[in-house]
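See below for the structure under consideration.
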Amino acid sequence: MKIAFIPIALLLASTVSVLAQENDPAIPRLANGTISLAPAEGDVGMWTPAGLVQLAANPNATNGLNSLPENMDIDEVPFKPWARALYDYRQANFEKDDPHTRCNPSSGPRQFMTPYGNEFVQLPELGIILLTDVGGAHSYRIIDMTADSHPEDLVPSYFGHSIGRWEGDTLVVDTVGYNEKFWFNREGAPHTEDMHLIERFTREAYRSMRYEVIIEDPGVYTEPWTGAFMLNWSPYEAWEYVCQDNNLSESAMVGVEGESGASRTSRIVP
C-alpha cells in the first residue's frame, strides 16, 4: 500500500505545483507600459525576504541563514583588516549592538531584511517611487526617477539620496549620501559615509523578485562586491507598526542592569 501511495502523492504534488504556476497572475504593468512592483488590481501584498537572508554565505552566522548559491562566501568579501575585525565583533554582539533594535531606520539591503515586508508605490506622474517598510522605524524612502546625478554636498542620512532608472524590466537604483548610524545588512558589515550602492530589482514572476546590490566603499573594502537574495510575495496589506510602541524584548532592547539585558547607555553603536 505504501509503495502505491508514494508515487500518487508525488504526482499530486507535481500537479499542484504546475497548476500554481499556470494560475500565477501575470506581472502587472502601469498604463505607460512600465512594469509594476505593486499588487495587481484587486490583490494586496508586500515583498518579504525569503528567510533570514545573507549577502555573503556565512555558515557560522546566527542572524542570517539563507544565501543564494551564486553569492560569495564571507571569507571572499574584500574586507580591509579593520573592517573584518569589526564585522566579527558585531557577529558576536549583534543582539545588543544592532541599531535596528534601537528603532533606528534600516537602509540599503537591510531595509528588505526587516520583518513584515516592503511596499513600492510608483508615482510616475510625480517622477518618484516611494519605498515603505512595515517593521522598520515608520519611515519611507524616496527614489527620484527623473534625476541624472546626485546633488553635491549631501547631508548624510539613513536613506541617502536615491536616483532610479529602468533597464528593461529591472529597476536600477543608485544611492549615495548615507550616514554611519545603521547596519546595511543583518550581520553588520561595516560602511562609511562614502558608501555607494547600486541596487537592482527584477520581478521574475508575480510572486518572486530578485534583489541584487553592488557595494562600493573604498574605506572599508578593497574593491566593490556583490550580493543578492530573493523576495517573496506575501498576501497582506501594510499596517501601522511603530517600533517604539512594540519594544517587548527585554534582553535585546530594554536592558536590565545586573542581568542579561543589553546596556542602552552608550550613544555610539560599534
Side-chain angles (χ1 to χ4, degrees), residues 27-38 47 55-56 71-72 77-80 83 99-100 104-114 118-133 136-185 188-204 209-229 231:
I27 298 175
R29 292 184 180 271
L30 305 182
N32 62 8
T34 301
I35 195 168
S36 172
L37 303 179
W47 292 107
L55 287 178
N71 286 356
M72 63 179 62
V77 174
F79 289 107
K80 291 191 173 182
H100 178 70
N104 289 352
S106 295
S107 191
R110 184 66 186 277
Q111 182 172 15
F112 308 100
M113 298 178 180
T114 56
N118 294 263
E119 184 175 27
F120 291 82
V121 182
Q122 292 165 254
L123 301 170
E125 67 278 10
L126 299 180
I128 63 173
I129 295 176
L130 295 180
L131 183 52
T132 68
D133 57 62
H138 218 60
S139 51
Y140 62 91
R141 176 179 169 193
I142 299 175
I143 302 172
D144 187 342
M145 299 297 292
T146 64
D148 295 324
S149 60
H150 300 285
E152 297 182 1
D153 301 322
L154 284 169
V155 176
S157 62
Y158 283 99
F159 292 109
H161 182 269
S162 295
I163 56 177
R165 66 182 187 276
W166 289 97
E167 292 184 358
D169 286 341
T170 295
L171 174 63
V172 181
V173 181
D174 183 305
T175 308
V176 298
Y178 291 109
N179 64 32
E180 299 179 15
K181 299 178 182 179
F182 65 95
W183 291 3
F184 74 82
N185 70 342
H191 73 279
T192 70
E193 292 181 358
D194 293 325
M195 182 171 70
H196 175 203
L197 297 183
I198 298 179
E199 301 165 288
R200 300 177 64 87
F201 302 86
T202 306
R203 192 169 190 173
E204 298 182 342
M209 181 157 62
R210 179 182 173 88
Y211 173 84
E212 185 173 5
V213 61
I214 299 174
I215 301 105
E216 181 180 8
D217 193 337
V220 183
Y221 306 100
T222 59
E223 60 184 358
W225 61 285
T226 301
F229 51 83
L231 297 170

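In what follows, residues are counted from 1 in the order of the sequence shown. Predicted model, so just to flag it, every value in this text is computed and none were measured.
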Are [X] and [Y] side-chain neighbours, meaning at least one heavy-atom pair lies under 4.5 Å?
X: Y178; Y: F184; result: no
X: W225; Y: I214; result: no
X: T34; Y: P124; result: no
X: P78; Y: Y221; result: yes
X: I215; Y: L197; result: yes
X: N104; Y: F182; result: no
X: M145; Y: L171; result: yes
X: F159; Y: P105; result: yes

Give every residue pair that meets the salt bridge (Lys or Arg N to Asp or Glu O under 4.0 Å) criterion with at least one member in [range], sequence neighbours excluded.
range: residues 162-171; result: R29-D169, R165-E167, E167-R200
range: residues 140-158; result: R141-E199
range: residues 210-229; result: E70-R210, R210-E212

Using every non-hydrogen atom in the two residues, find where [X] and [Y] come nearest and quote the distance to one decimal.
X: A56; Y: V77; result: CB-CG2, 3.7 Å
X: I27; Y: S36; result: CG2-O, 4.3 Å
X: A83; Y: P190; result: O-CG, 3.5 Å
X: T222; Y: F79; result: CG2-O, 4.5 Å
X: I142; Y: S162; result: O-CB, 3.7 Å
X: L55; Y: P109; result: CD1-CG, 3.8 Å

I'd like to know if the side chain of [X] and the backbone of [Y] have a donor-acceptor N/O pair within less than 3.5 Å.
X: H191; Y: N179; value: yes
X: S107; Y: Y158; value: yes
X: E180; Y: E193; value: yes
X: N118; Y: Q111; value: yes
X: K80; Y: P218; value: yes

Measure the spacing between [atom1] of [X] and [atom2] of [Y] and express it to the nearest 0.5 Å.
X: I143; Y: Q122; atom1: CD1; atom2: CD; value: 9.0 Å
X: I128; Y: T146; atom1: CD1; atom2: OG1; value: 9.5 Å
X: L30; Y: L123; atom1: CG; atom2: CG; value: 9.5 Å

- request: Tell me whether the centres of the aromatic rings in F120 and F201 are closer together than 6.0 Å.
  value: yes
- request: For a ring pair (Phe, Tyr, Trp, His ring centres under 6.0 Å) with F112, tell me which candidate from Y211, W47, F229 qualifies.
  value: Y211
- prompt: Is the H150 ring parallel, tilted or perpendicular to the H161 ring (thresholds 30°, 60°)?
  reply: perpendicular
